[in-house]
Amino acid sequence: MRQVNPEFAPRAGLSRAEMESLQRRVAERAVFEDDLGFDPASVSLGTPKNATLSGGTDVPLVAGIDQSFLDDRALSAVVVLRGDEVVERVHAVTELDLPYIPGLLSFREGGPILDALAKLEHDPDLLVFDGSGRIHFRQAGLATHLGVICDVPSIGVAKSLLCGTPDEAVDGRPEGWHTPIRADGDVDSVGGHSATAETTLGYAFQSRQYDSRPIVNPLYVSPGHRVAAETAVHLVSNLSGGYKLPEPTRLADAYADEAKAQYED
DNA sequence: GCGACAG
DNA sequence: ATCTTGTCGC
């Protein structure tokens, strides 16, 4: 798929200040409102195998993206779904030039992910990333950064909270429960995007819970680009199928491990 | 100086 | 993220 805004692509050799500055420019360009180009209700698993809805529009293509690692190389995996059907899987192995630094994840994994996305024959209507979108110090997490570069609607699904504060305690909640993640002092207001105590950056969302002991932590869902926080949770809910992680992410995760085996000596 | 932090 | 055995439950 094509990079509509390549000027935001993470380049190697930037200073920390330059990376943070680029993130602010990304956040200014990001749209945290619905501009999907498709009906969110048409995104679901268990959609009939036919590729067309009653209205004549195509069922949206949803891509799940995840990484695995081999020494100092990243393996980025992308799985594209139409309903519950896998229509394409691609992966790329890329040298890493940065360590993991909280807040700068897109500079470590962004390049590898773009390499994988470039191999796609199908153009996804929605990108689902493993990590944060707007829930980020400069409101430009991985999902936002890559969503803006591709100018495709995107969502961030993280397994832990980078910053911000949940409205309510998140422990032991039932499936389907969700509560806003509000901006706090760690979050900067950027461009037209405020970061007051009322600003909803995303949601904690309980996708799965068991009747028994081990309490499952919620997911932290946030808008990447061209989607509202409320819609992002709705979409992730629609993409959930019996497991904690939404299906696109779960399949990309499994594919990243599967493909990794082919490169291990 | 202290705290706190996606993958 | 990654390193890893057993164990509990549907």
Side-chain angles (χ1 to χ4, degrees), chain A residues 10 16 19-20 23 26-27 30 64-78 91 93-114 116 127-147 154-166 170 175 181-188 195 201-205 207-225 229 232 236 241-246 249-250 252-261 263-265:
Chain A
R16 178 159 191 146
M19 292 190 276
E20 295 186 355
Q23 289 182 325
V26 166
I65 299 141
D66 193 26
Q67 283 71 239
S68 60
F69 298 87
L70 312 87
D71 295 312
D72 46 358
R73 289 173 300 167
L75 188 156
S76 293
V78 182
H91 71 269
V93 176
T94 308
E95 296 289 328
L96 291 165
D97 30 38
L98 281 183
Y100 165 68
I101 302 169
L104 298 178
L105 183 65
S106 65
F107 290 89
R108 172 174 167 82
E109 301 187 350
I113 291 172
L114 288 170
L127 271 19
V128 180
F129 292 96
D130 61 312
S132 288
R134 194 183 183 183
I135 296 179
H136 180 274
F137 308 122
R138 291 163 291 282
Q139 303 191 49
L142 181 72
T144 301
H145 199 150
L146 295 180
S154 64
I155 295 175
V157 177
K159 294 181 289 297
S160 59
L161 190 58
L162 176 62
C163 60
T165 310
V170 303
E175 287 183 10
I181 299 299
R182 297 276 170 59
D184 59 20
D186 293 340
V187 182
D188 296 346
L201 300 174
Y203 284 89
F205 170 61
S207 58
R208 191 74 220 271
Q209 198 54 277
Y210 301 96
D211 303 310
S212 56
R213 291 301 177 206
I215 290 174
V216 179
N217 297 314
L219 294 175
Y220 295 92
V221 178
S222 58
H225 181 46
V236 169
Y243 296 89
K244 172 171 177 171
L245 294 175
T249 304
R250 197 180 68 83
D253 185 88
Y255 179 46
D257 283 339
E258 177 190 329
K260 175 181 177 177
Y263 296 88
E264 287 173 328
D265 303 82

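The figures that follow rest on heavy atoms only: side chains count, while hydrogens, waters and symmetry mates do not. Since we're looking at a predicted model, the values are computed, not measured. Here is the naming used below: chain letters follow the sequence lines, and residue numbers restart at 1 for every chain.
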Here DNA chain B, pairs taken as Watson-Crick or G-U under 3.5 Å and shown with ( ), [ ] when crossing and | when to another strand, reads .......
Residues that H225(A) engages under ring-ring contact (aromatic ring centres under 6.0 Å, His included), provided they are two or more places apart
none
Checking the side chain of Q23(A) only, and the main-chain atoms of G103(A) only, is there a donor and an acceptor separated by less than 3.5 Å?
yes
Within the structure provided, determine whether F69(A) and L96(A) are in side-chain contact (heavy-atom separation under 4.5 Å).
yes
Distance check needed: dC5(B) C1' versus L142(A) CG, whole Å only.
15 Å
From CD1 of I113(A) across to C1' of dA1(C) the rounded distance in Å is 13 Å
Any L219(A) side-chain heavy atom under 4.5 Å of K244(A) side chain
yes
Side chain to side chain donor-acceptor pair (under 3.5 Å) pairs touching residues 100-112 of chain A, sequence neighbours excluded, are Q67(A)-E109(A), S106(A)-H145(A)
Phosphate oxygens OP1/OP2 of dC5(B): is one of them under 4.0 Å from a side-chain N or O of S160(A)?
no
Does a side-chain N or O of K159(A) approach OP1 or OP2 of dA6(B) to a distance below 4.0 Å, or not?
no
Taken in chain and number order and not counting sequence neighbours, the residues that satisfy side-chain contact (heavy atoms from CB on, under 4.5 Å) with Y243(A) are E247(A), R250(A)
Protein-nucleotide distance (D257(A), atom CG; dG7(B), atom P), rounded to Å
15 Å
Which nucleotide wins on minimum distance to the side chain of K260(A), given the candidates dA1(C), dT2(C), dA6(B)?
dT2(C)
Every protein N/O within reach of nucleotides 2-4 of chain B N/O, cut-off under 3.5 Å:
none

Sub-4.0 Å heavy-atom contacts from residues 100-107 of chain A onto DNA chain B, ordered by number
Y100(A), P102(A), G103(A), L104(A), L105(A)
Atom-to-atom span, NZ of K244(A) to C1' of dG9(C) - whole angstrom
18 Å
pair V128(A)-V157(A): side-chain heavy atoms closer than 4.5 Å:
yes
L98(A) atom CG is separated from dA6(B) atom P, nearest whole Å, by 16 Å
Counterpart residues, side-chain contact (heavy atoms from CB on, under 4.5 Å), relative to A183(A) (two or more places apart)
V187(A), A195(A), T199(A), L201(A)
List the residues meeting ring-ring contact (aromatic ring centres under 6.0 Å, His included) with Y203(A), not counting sequence neighbours, and say none if there are none.
H178(A)
Base, sugar-phosphate or nothing for L161(A)? Non-hydrogen atoms, less than 4.0 Å.
sugar-phosphate
Is there a side-chain contact between L161(A) and I181(A) (heavy atoms, below 4.5 Å)?
yes
What residues form a side-chain contact (heavy atoms from CB on, under 4.5 Å) with D186(A), not counting sequence neighbours?
F137(A), C163(A), D184(A)
Which pairs pass salt bridge (Lys or Arg N to Asp or Glu O under 4.0 Å) with one or both residues in residues 65-76 of chain A, sequence neighbours excluded?
none
Checking R16(A) now: which residues fulfil salt bridge (Lys or Arg N to Asp or Glu O under 4.0 Å) with it, not counting sequence neighbours?
E20(A)
Tell me: CZ of F137(A) to C1' of dA6(B), nearest whole Å?
9 Å
For DNA chain C, what is the dot-bracket line, given that a base pair needs Watson-Crick (N1 to N3, plus N6-O4 or O6-N4) or G-U wobble (N1-O2 and O6-N3) geometry with both distances under 3.5 Å, and | means paired with another strand?
..........
Please state how far atom CD1 in I181(A) lies from atom P in dC5(B), giving the value in whole angstrom units.
13 Å
Among the nucleotides dC5(B), dA1(C), dA6(B), whichever has the atom closest to the side chain of S132(A) is dA6(B)
Whole-Å distance between dC3(C) P and F69(A) CZ?
12 Å
Verify, without hydrogens or angle tests, whether T144(A) (side chain) and G224(A) (backbone) share a donor-acceptor contact under 3.5 angstrom.
yes
